[in-house]
Amino acid sequence: MDQDEQTAPRDRLAAQVAELARDRGITIGAAESLTGGMVASPLAAAEASSEWFRGSLVAYASEVKHAVLGVPEGPVVSADAARAMAAGARKLLGADVAVAATGAGGPSSQDGQEPGTVFIAVDDGAEQRVRHLQLDGDDPAAICEAAAEAALEMLVTELRGERGD
């Protein structure tokens, strides 16, 4: 599979985010850990992103998550960390809605969580939703790709008001 085929699903999802954000007149932000910018990249490349995309914070190190995004001390591969990351990004970026992704990409476990353990959160200022995924595989790149796609899918779902898990 070439690069275009790999990024196509994220690009399609980002186009949906762009349309929904523009239709609703809202801004979007992101906070990423294991995905390292893989959520932000297609959002920044989507149509009219300067109108609705506020930016993304890549907080890879645990210390950065705590100091910058307000993640409480403790495990950073957790639902609580994902919630704090989304809330921190929304506030720091001045976004109406923010998505966050944290997890263990592998090849070894982190915070007692096996590789492929991912938490994604969306915060709209009124409520937060968190999704826990257990992705298969031992390839960190594949786990990161799947996590980024899942984060964009969750963002689309939330923006549509579908709230399905």
Side-chain angles (χ1 to χ4, degrees), residues 9-105 110-111 113 117-133 135 144-165:
R10 288 187 294 128
D11 291 341
R12 283 192 296 274
L13 289 163
Q16 292 174 39
V17 171
E19 181 180 352
L20 291 161
R22 292 176 78 198
D23 286 352
R24 292 181 55 194
I26 60 172
T27 56
I28 306 295
E32 302 181 65
S33 180
L34 84 151
T35 53
M38 295 171 76
V39 172
S41 182
L43 292 175
E47 186 175 340
S49 60
S50 64
E51 295 175 12
W52 55 268
F53 184 50
R54 298 288 296 167
S56 179
L57 301 161
V58 176
Y60 202 76
S62 297
E63 299 80 19
V64 176
K65 290 178 195 70
H66 300 306
V68 176
L69 291 170
V71 173
E73 289 299 321
V76 295
V77 180
S78 67
D80 287 342
R83 279 187 200 94
M85 288 172 65
R90 190 181 58 74
K91 291 173 189 165
L92 287 168
L93 297 169
D96 296 311
V97 177
V99 63
T102 186
Q110 181 179 350
D111 291 339
Q113 300 287 350
T117 303
V118 175
F119 294 91
I120 300 166
V122 174
D123 183 313
D124 67 6
E127 89 181 276
Q128 294 179 320
R129 306 264 304 170
V130 178
R131 186 171 173 210
H132 173 219
L133 304 171
L135 303 172
C144 291
E145 180 68 36
E149 189 173 327
L152 290 166
E153 286 173 351
M154 184 173 176
L155 183 57
V156 167
T157 297
E158 292 295 316
L159 292 175
R160 285 184 176 155
E162 295 172 355
R163 311 247 188 251
D165 288 322

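The shown structure was predicted, so the numbers you read here are calculated from the model rather than taken from an experiment.
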message = Would you say that Leu20 contacts Leu155 through its side chain, given a criterion of any heavy-atom pair below 4.5 Å between the two side chains?
response = no
ask   = Hey, is the main chain of Arg83 close enough, under 3.5 Å, to the side chain of Gln128 for a donor-acceptor pair?
value = yes
ask   = Is Gln110 close to Ser62 at the side-chain level, that is, under 4.5 Å between some pair of heavy atoms?
value = yes
inquiry  = Is it the case that the side chain of Thr157 and the backbone of Glu153 share a donor-acceptor pair, with hydrogens and angles ignored and the cut-off at 3.5 Å?
reply    = yes
task = Specify the closest pair of heavy atoms between Ser49 and Ala44, including all atoms of both residues, with the distance to one decimal.
result = OG-O, 2.8 Å
message = Checking the side chain of Glu32 only, and the main-chain atoms of Val39 only, is there a donor and an acceptor separated by less than 3.5 Å?
response = yes
Heavy-atom pair with the smallest gap, counting every atom of Thr35 and Cys144 = CG2-O, 3.6 Å
query = Judged by atom type as modelled, is there a donor-acceptor pair below 3.5 Å linking the side chain of Trp52 to the main-chain atoms of Glu19?
reply = no
note = To the nearest 0.5 Å, atom CD of Glu145 lies from atom CE of Met38 at 4.0 Å
task = Kindly say whether Pro42 contributes a backbone atom to a donor-acceptor pair with the side chain of Arg10 at under 3.5 angstrom?
result = no
key: Test item: Arg131 and Val118 side chains (from C-beta on) under 4.5 Å apart, heavy atoms   = no
task = Mind listing the closest non-hydrogen atom pair of Ala100 and Ala82 along with its distance?
result = CB-O, 3.6 Å
inquiry  = Rounded at 0.5 Å granularity, tell me how far OG1 in Thr102 sits from CG in Asp80.
reply    = 11.5 Å
Shortest non-hydrogen contact from Pro75 toward Ala81 = O-CB, 3.9 Å
ask   = So how far is it from Ile120 CD1 to Arg129 CZ, rounded to the nearest 0.5 Å?
value = 13.0 Å
key: From CA spacing to verdict: side-chain contact (heavy atoms from CB on, under 4.5 Å), Glu158, Asp124   = CA-CA 9 Å; Glu158 292 295 316; Asp124 67 6; 5.9 Å; no
message = When you measure from the side chain of Lys65 to the backbone of Gly70, do you find a donor-acceptor pair of N or O atoms at a distance under 3.5 Å?
response = no
query = Less than 4.5 Å apart, any side-chain heavy atom of Thr27 and any of Leu93?
reply = no
message = So does Val76 get a backbone contact from the side chain of Asp111, meaning a donor-acceptor N/O pair under 3.5 Å?
response = yes
remark   = Ala89 and Leu57 have their tightest heavy-atom pair at CA-CD1, 4.2 Å
task = Would you confirm whether His66, through its side chain, and Pro72, through its main-chain N or O, come within 3.5 Å as a donor-acceptor pair?
result = yes
ask   = Taking C-beta and beyond as the side chain, do Leu152 and Leu43 meet within less than 4.5 Å on heavy atoms?
value = yes
query = Do Glu149 and Leu13 have side-chain heavy atoms sitting under 4.5 Å apart?
reply = yes
task = Work out which heavy atom in Met154 is nearest to a heavy atom in Val122; give both atom names and the distance.
result = CG-CG2, 3.9 Å
ask   = Is there a side-chain contact between Ile28 and Leu159, using heavy atoms and a 4.5 Å cut-off?
value = yes
